[in-house]
Amino acid sequence: AAVSPAAEAAELRERLRAVKHTVLVLSGKGGVGKSTFSALLAHGLAADEAKQVALLDIDICGPSIPKMMGLEGEQVHQSGSGWSPVYVEENLGVMSVGFLLSSPDDAVIWRGPKKNGLIKQFLRDVDWGEIDYLIVDTPPGTSDEHLSIVQYLSAMHIDGAVIITTPQEVSLQDVRKEINFCHKVKLPIIGVVENMSGFICPKCKNESQIFPPTTGGAEKMCQNLNVSLLGKVPLDPQIGKSCDKGQSFLAEAPDSPATSCYRNIIQRIQEYCDQRHFQEEKII
Amino acid sequence: FLPERSNLAGVRHILLVLSGKGGVGKSTISTELALSLRHSGKKVGILDVDLCGPSIPRMFRVQDNNVHQCDSGWVPVFVDQDKSISLMSIGFLLEKPDDAVVWRGPKKNALIKQFVADVAWGDLDFLIVDTPPGTSDEHISTVEALRPYQLLGAILVTTPQAVSVGDVRRELTFCKKTGLRVLGIVENMSGFICPHCSECTNIFSKGGGEELAKHAGVPFLGCVPLDPQLSQSLEEGRDFIQEFPKSSAFPALTHIAQQILDGTSQRSS
């Protein structure tokens, strides 16, 4: 029997009742570091053992999160209360289509409606339990996955979106569209992160702008569009290496300039979420 | 009753540029391949089916151009007086460049069908189809719409690290399942040579693309290094192949084009 949209929304609301904060990680552009950032945000927030963190990967075609979290090859288990997330730490659980595929060569060649169905299942059928932070990693673009996640999560409170970019105009032109998408669907923007912001040669220490900010980079764009710039993170070969190994870059390279940038950004996001929580409590 | 001459009837070779992964350089490779082929005297078209993030117009400095209609459909945008490179992209159809195209699958599919059937390309040696990342609506629709035509095959672009290669493996499966011939794999952003001291740093690791090609039994088309002059050219819509023959990415990019040319002359003989 078909479930009415109202009943569906009620079902999702019930399931996600115990989620305190939700952050979407978006970008109009591919390959700018959404998954990298989502993984580091998850690790950063879960460093506080008292917090329960969930990382949901809704990139159905290119699920990077399992590898980045060192969970490749893991499978999802069913229990009486639904699907179990795969746990990295006791307080850090992960869900991705990657866990449903039996081989690294398996391709998910689905049109929009089928992708939407799986995203709904991820929200409805996963037994997340009580969560302080739900981080949703998204694929690039402004299409089915993005419309669906905003729609399905409208039953609950999304704190906001973190938008990732790189400095060059080729990225920014897509990211401006993503910012417009957020305005269109009334999704608050926590701020923008500029990744791959310069490279310092390990030998001669000179800086190169491999992805040049020919139109002023994220800084100028944020000024023009009146959104916060959360930070600019430089390129560091260790970032890619850690992702490939499934390790936290923050733990592996604590002295890297990129690490302190990421930590500052994570703190700002935490403060943003706490402020909203405080504001809501005041209203109550 | 006269049968309509298909808009693709004058196109000799059609090739797709794919990747499971975003941001690896599909549009970059499409652009540089077109420029290299043009320098070898070929007439080239680029069909940009990335509807959410159309990068191609800016890479040729024609992002402010509009598209016009003719009897047989849409006239592609010519990059210069020469008319040796022509483009079609949703970028030309947007009223404002920052407008987001927030469409679900069916609407995207409809436009892609139009893009394939209704652009009056005329006579082309090569039509390069630049795609968005993934294995979804755009890819399924594009391959379906192109099926009746001479599809040369697909170039797959990856960056060296495992996270990218992981997605590109799935794209290889897509090619297998849809009967798309894989012309080869390009490993982009493969190493960075510091312009100050010439030290090479493998910012995004090294070798993953080459290994994947070997593992999958497909040709390896080469490693393209990170090159700030290439990024700058793309930002400014310049002809990198013409203006920067001494730059670090030049040999690899022209080598890719040469392999494509060699492949097509082999097929005709």
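Order of the sequence lines fixes the chain letters, A, B, ..., with proteins taken first and strands second; residue numbering starts at 1 for each chain.
With hydrogens and angles left out, the side-chain atoms of K108(B) and S143(A) include a donor and acceptor closer than 3.5 Å.
Your options are L147(A), N180(A), L235(A), and the one with the most heavy-atom pairs under 4.5 Å with chain B is L147(A). Most heavy-atom pairs under 4.5 Å with chain A, from the set N202(B), V24(B), D98(B): that is D98(B). Each of Q173(A), E72(A), K241(A), Q238(A) has some count of heavy-atom pairs under 4.5 Å with chain B, and the biggest count is that of Q173(A).
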Walk me through it: do D105(A) and L172(B) pass the test side chain to side chain contact (heavy atoms under 4.5 Å, CB included)? CA-CA 8 Å; D105(A) 294 319; L172(B) 280 168; over 6 Å; no
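In this structure, the side chains of H146(A) and V102(B) stay at 4.5 Å or more apart for every pair of heavy atoms. No side-chain heavy atom of C197(B) sits less than 4.5 Å from a side-chain heavy atom of N206(A).
Annotation for A100(B) and K184(A): closest pair O-NZ, 3.9 Å, computed over non-hydrogen atoms. When all heavy atoms of S141(B) and R111(A) are compared, the closest pair comes out as OG-NH1, 3.0 Å. Annotation for D167(B) and G62(A): closest pair OD1-CA, 3.4 Å, computed over non-hydrogen atoms. Taking each heavy atom of P104(A) and R170(B) in turn, the nearest pair found is O-NH1, 3.5 Å.
Looking at R61(B) and E169(A), no side-chain N of the basic residue comes within less than 4.0 Å of a carboxylate O on the acidic one, giving no salt bridge.
Summarising the local packing, NZ of K245(A) is surrounded by more than 12 heavy atoms from other residues, nucleotides or ligands at distances under 6.0 Å.
Rounding to the nearest 0.5 angstrom, the gap separating the NZ atom in K21(B) from the CG atom in D59(A) is 8.0 Å.
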